[in-house]
Amino acid sequence: MHRTRNHGGIQFINLRDRYGITQVVISDTAGAEVQELAASLHNEYCISVEGVVAGRPDEMVNSSMDTGEIEVEASTLQILSTCAPIPFQIDEESDAKEDTRLKYRFLDLRSGGMQKRIKLRHDFIRAIREFLSERDFYEIETPTLIKSTPEGARDFLVPSRIYPGKFYALPQSPQLLKQILMVSGFDKYFQIARCYRDEDARGDRQLEFTQLDLEMSFVKRDDVLSLMEELFHDVFRKTIGYETEKTFLRLTWEEAMNTYGVDKPDLRYDLPLQDFSTLALEGSFATFTDAIENGGTVKVIKAPASESVAFSRKFITSLEEAAKVYKAKGLAWMKVNAEGHLEGGISKFFSHIEEKILGFTGARPGDMLLFVADSWRVTCAALGAVRVKLAKDLSLIDTSRFAFCWIIDFPLFEYNEEESHWEAAHHMFSMPQDQYIDTLEEDPGSVKGDLYDLVLNGNEVASGSIRIHDVELQKRIFRICNFPDDVAEERFGFLLNAFKYGAPPHGGIAPGIDRMVMIMAGETSIKEVIAFPKNTAAVSPMDDSPSYVDQQQLDDLHLIIKKDEKA
RNA sequence: GAGGGUGUAGCGAAGCUGGUUAUCGCGACGGCCUGUCACGCCGUAGAUCGCGGGUUCGAGUCCCGUCACUCUCGCCA
């Protein structure tokens, strides 16, 4: 029972189920007994009503309600279950704090919004299964108790009762198993796979999450990309009636970093970054020239004049704060005044090349230019953050769009300063691009991989690659990543062994289901599309996991708990 | 590991520079009401202001500490 309105002689009940709300009328015709029982009803009771569905009198039609033209004239009423006082009201969207919503998730899930999002998630997964099944993919389950392999994130470990001191790990993804399925001849595989990574949670990250895991044999990069383009075109149309582009824009990693400052650009707005280094050298602003002499880069972004937001000191400071999060030391600026001249900020260092700057940036009266000078990485990241904040604050985001793009040609390796060795930027099973294969070891940092990410509205929603299927090449990659042959053999021997037996070339991708549904639902937290999520402290407030276990369970698992130093 | 924000009744909020009995809406409880649909009207109860300490004649308000939640950096291929 959603709500009731008792007028003494007549009572209305809004009866709610998964499909919506229908009005029940309790009037004289129901009889005194039913009327009396109805008067005792409270919100969220579970009730059973029998009666006649009838059209409402003309003037009583409620046009704002799907079922507003009819009502049920009750003849019998039964209380199936009463309800304790509820901690928050159940409406379309709950206004309770997230913590409270999670503690009483069974109530929160009754809200219209949660019901819709869970349905959307179901529809999305169903459409994916249908699309891929029609294309001859097999859905194959892989184990959730696997060997712990060093792949990047921390593993969740499961102690073995039978083998003291040995552990299973929960998969960070079915990566190695799906590659082995390729060796086994299942050349088109997918799975709606749960993945586990023991790292800190975020708004768009849970420690367990769901991927569409997918792999194909005998494919090149473009085969995977075009399959995904068709898949999402089909699935978006079927689930939310949105027509995506037939093909998605492709940017190289370098292009994306240079133009948008991130490897996951939001293309619902433009606001490109421009390289200002050449012009900076013509000016006399020491911060810029110093940065360039130290091998750095100066970049500029143009903030278009806004009617609603003044480019005040306070506003610029808030942008500078955004830049500083990404290690920029500051944010330089200049404005174009009504006469079309540069003024304020650092403009005095550049007055002699005003024309060039205005031409280069296309800045018009009322616009503002914002600069960061630092190492290439810091400059890109910091100004990229400024770009995102500008788009939000100046309301430049077209929220009706779903803007997909591919990011390709990622670096294969990055250097781990703390541990002084190279490691895989993506994972160690991705294929280097052909032109680098002979000389991998000479300059790992310059090697581009056959890697691709799918980006949607500024979120990384899928990541994949063409894989290595050659034992020797795989071993070379392991060696570069500080896994000598004996260690690699111990950790990944089963994969190397499989590759000895006629492994086909293969590649795949893994779109994140939670994130995609989140974006489709217009939400900014994946908790809104997960029935039972955990909070940022990795706790489930409803069942209070994680929890302590009995000593007997620990004994069975041969575990001794070290006393916390703080305790 | 680090930074920002929040914490006042079951829920959501207000409470200005410290000053009577901590305010409002929703909800709950009791009553009235025959066409409502966020029904309406009358009434009642409900708060150690997250917790601990300090400053003060006096603390929801100021200071220190601490806990919880949340966002972000790190981390997460």
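So that the names make sense, note that chain A is the first sequence line, chain B the second, and so on, each numbered from 1. Values below: every heavy atom of this structure, side chains too, minus hydrogens, waters and symmetry copies.
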Do the side chain of A/Arg56 and the base of B/C37 come within less than 3.5 angstrom through a donor-acceptor pair of N or O atoms?
-> yes
Go through B/C76, B/G12, B/U72 for me and flag the one nearest to the A/Thr100 side chain.
-> B/G12
hbond_proxy A/Asp200 side chain to B/G74 base (donor-acceptor, 3.5 Å cutoff) = yes
Side chain of A/Arg5 (C-beta onward), nearest among B/A13, B/U36, B/U72 = B/U36
Does the B/C75 base have a donor-acceptor partner in the side chain of A/Arg205 within less than 3.5 Å?
-> yes
Closest to the A/His7 side chain: B/C37, B/U36, B/C73?
-> B/U36
Distance-only donor-acceptor test, A/Arg197 side-chain atoms vs B/C76 base atoms, 3.5 Å = no
Partner residues of A/Thr76 under the side-chain hydrogen bond (donor to acceptor under 3.5 Å, both in side chains) criterion, sequence neighbours left out = A/Glu50
Does A/Gln23 get its side chain close enough to the base of B/U36, under 3.5 Å, for a donor-acceptor pair?
-> yes
Say you pick atom P in B/U44 and the same atom in B/G5; how far apart are they, in whole Å?
-> 41 Å
Hey, are A/Arg221 and A/Asp409 close enough for a salt bridge, meaning a charged N less than 4.0 Å from a carboxylate O?
-> yes
If you measure from the Lys or Arg side-chain nitrogens to the Asp or Glu carboxylate oxygens, is any gap between A/Glu528 and A/Arg117 under 4.0 Å?
-> yes
Is it true that A/Asp222 and A/Arg250 have a side-chain N and a carboxylate O under 4.0 angstrom from each other?
-> yes
Would you indicate which nucleotide in B/C69, B/U34, B/C76 comes nearest to any side-chain atom of A/Ala153?
-> B/C76
Listed nucleotide nearest any side-chain atom of A/Arg3, set B/C33, B/C39, B/C37 | B/C39
Pair partner, B/G65 [Watson-Crick or wobble, under 3.5 Å] | B/C51
What's the closest nucleotide to the A/Asp99 side chain, out of B/U34, B/C73, B/C69?
-> B/C69
Nearest-nucleotide pick for A/Arg202, side chain only, options being B/C11, B/C73, B/C76 | B/C73
Is there aromatic stacking of A/Phe88 against B/C11, centre distance under 5.5 Å, plane angle under 30°?
-> no
When you get a sec, tell me which of B/C11, B/U36, B/C71 is the closest nucleotide to the side chain of A/Thr536?
-> B/C71
Test for a donor-acceptor pair under 3.5 Å between the base of B/G74 and the side chain of A/Glu199, counting only N and O atoms.
-> no
Aromatic ring proximity A/Phe12/A/His7, centre distance under 6.0 Å | yes
